2 protein chains.
Amino acid sequence: MVDPHHSELSESVLHGDQSLQKAGLKLTRPRRDILRVLEEAANTGQHLSADDILQQLEIADRQVGLTTIYRVLNQFEHVGLVDRHNFEGEHAVFELAHRSHHDHMVCVESGRIEEFCNSDIERLQSEIAEAAGYDLVGHRLVLFVRPQKGGTD
Amino acid sequence: MVDPHHSELSESVLHGDQSLQKAGLKLTRPRRDILRVLEEAANTGQHLSADDILQQLEIADRQVGLTTIYRVLNQFEHVGLVDRHNFEGEHAVFELAHRSHHDHMVCVESGRIEEFCNSDIERLQSEIAEAAGYDLVGHRLVLFVRPQKGGTD
DNA sequence: TTCTATGCAAATTATTTGCAGCACT
DNA sequence: AGTGCTGCAAATAATTTGCATAGAA
């Protein structure tokens, strides 16, 4: 059954809808709203914290409790809909799960986060693990960068 | 992988002593004890959390307040005496600062943490940053691995 | 003695859980 | 009516801060 209300939502959200149902999660207003915010963030390549999402929702006049945000975010993560990151070490940030693997580059001046993927590095990682007698099952790579030309930012 | 000198760690501690004085930090009992615990951990390649250190100190009958441990750890970090890591995302772990840069490999089965350094990966990282218009100022790389030969556990 | 260090308790921050009420089938 | 969803408030966990006292130079 399709709810006429979300006709304004993009395909991706509908896709998320499917994922949710498949995972036994009902597509409720809070979940839809959170999904939408994550969507927008994905478009601009942003990574949001639970609180960021709360702010966005308040701005959009779509009240959702912080508790629910945390709970939904965890559910989404378990379902594989979103990825959780811990760049800051203080609070986690989330992003809609990507189809493909990628790593992050964080600008220490602007806070901007860019994504990249380098097969050479990926391969080297496996080699390193193997050489140490292990099998690589995952990894986390974050580059901290700063604008090249003496940027005033 | 056992180390020869395991009873007397005075030498290195004295080194830390110098670093502390140079940084304007007095060598007090708590700081010396914490340094000693970090020393032992370094010998066995362990990374300790503030609470781990508290435990170690209690075992060694050297009472130090958790508050002090956190405070000292921060001071040590600022002085460049220890490095802070956030493998778990919940609590930070520390290790005596290494003279040389290195990354980590965490075994998802045993929790064991190994260190490594690969110049090819380091170089690739710079190239990636440059290509994106940035200068690499730092990075964090953690490989999650599992013992090779069929995990029998 | 002077200034820094310590530690207990209270404060913070990020996140989770208990539980009563609401929603949808 | 039943089962899942929400959100407030209280509970946690990790870490920090206020403040009076103890300690190093």
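Every chain is numbered from 1, with letters handed out A, B, ... down the list of sequences. On a predicted model such as this, the values are computed, not experimentally measured, just so you know.
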ILVMFWY clustering at 4.5 Å (side-chain atoms), partners of Val93(B): Val137(A), Phe87(B), Val106(B), Val108(B), Ile113(B), Val142(B), Phe144(B)

What residues form a ring-ring contact (aromatic ring centres under 6.0 Å, His included) with His101(B), not counting sequence neighbours? His139(B)

Just checking Gln63(A): does its CD atom have more than 12 heavy atoms from other residues, nucleotides or ligands closer to it than 6.0 angstrom? yes

Looking at Asn74(A), I'd like to know whether one of its side-chain N or O atoms comes within less than 4.0 Å of OP1 or OP2 on dT16(C). yes

Pair listing, salt bridge (Lys or Arg N to Asp or Glu O under 4.0 Å) test, anchored in residues 125-138 of chain B, at least two apart: Arg123(B)-Glu127(B)

What nitrogen or oxygen pairs link the protein and nucleotides 9-12 of chain D at under 3.5 Å?
unit_1	atom_1	unit_2	atom_2	d
dA9(D)	N6	Thr67(A)	OG1	3.2

Which residues satisfy the ring-ring contact (aromatic ring centres under 6.0 Å, His included) test with His102(A), sequence neighbours excluded? His98(A), His104(A)

Per nearest nucleotide of DNA chain D, the residue lying toward the 5' end, Gly65(A) or His91(B), is Gly65(A)

Within this structure, what is the CG-to-P distance between Leu66(A) and dG7(D), rounded to whole angstrom? 10 Å

To the nearest angstrom, the CD-P distance between Glu77(B) and dT15(D) comes to 12 Å

Once each nucleotide of nucleotides 19-25 of chain D is scored for protein heavy atoms under 4.0 Å, what B/S/- sequence comes out, 5' to 3'? ----BB-

Find the distance Phe76(B):CZ to dA5(C):C1' and express it as a whole number of Å. 12 Å

Measure the distance from CG on Leu73(A) to C1' on dT15(C) and round it to the nearest whole Å. 11 Å

Other than Ile59(A), what residues sit in its cluster of Ile, Leu, Val, Met, Phe, Trp and Tyr side chains whose heavy atoms are under 4.5 Å apart, directly or through others? none

Can you measure Gln75(B) atom CD to dT17(D) atom P for me and round it to whole angstrom units? 12 Å

Can you sort out the partners of Arg29(A) under side-chain contact (heavy atoms from CB on, under 4.5 Å), two or more places apart, ordered by chain and number? Asp33(A), Arg62(A), Val64(A)

Residues forming a side-chain contact (heavy atoms from CB on, under 4.5 Å) with Ser110(B), sequence neighbours excluded: Cys107(B), Arg112(B)

Nearest-Å distance, CG (Leu48(A)) to P (dT15(C))? 13 Å

Looking only at the side chain of Arg31(B) (C-beta and beyond, no hydrogens), which of the listed nucleotides dG7(C), dT4(C), dA14(C) gets closest? dT4(C)

What residues form a ring-ring contact (aromatic ring centres under 6.0 Å, His included) with His91(B), not counting sequence neighbours? none

If we ignore hydrogens and angles and just use 3.5 Å, is the side chain of Arg146(A) paired with the main-chain N or O of Glu109(A) as donor and acceptor? no

Residues in residues 52-62 of chain A with a heavy atom under 4.0 Å of DNA chain D, by number, are none

With His85(A), which of Glu95(A), Arg140(A), His47(A) fulfils side-chain hydrogen bond (donor to acceptor under 3.5 Å, both in side chains)? Glu95(A)

How would you list, by chain and number, every residue that makes a side-chain contact (heavy atoms from CB on, under 4.5 Å) with Glu77(B), sequence neighbours excluded? Asn74(B), Val82(B), Arg84(B)

Tyr70(B) side chain: which of dT16(D), dT6(C), dA5(C) is closest? dT16(D)

Rounded to whole angstroms, how far apart are CD1 on Ile69(A) and C1' on dC8(D)? 14 Å

Would you kindly give the NE2-to-P distance between His85(A) and dT15(C), to the nearest whole Å? 14 Å

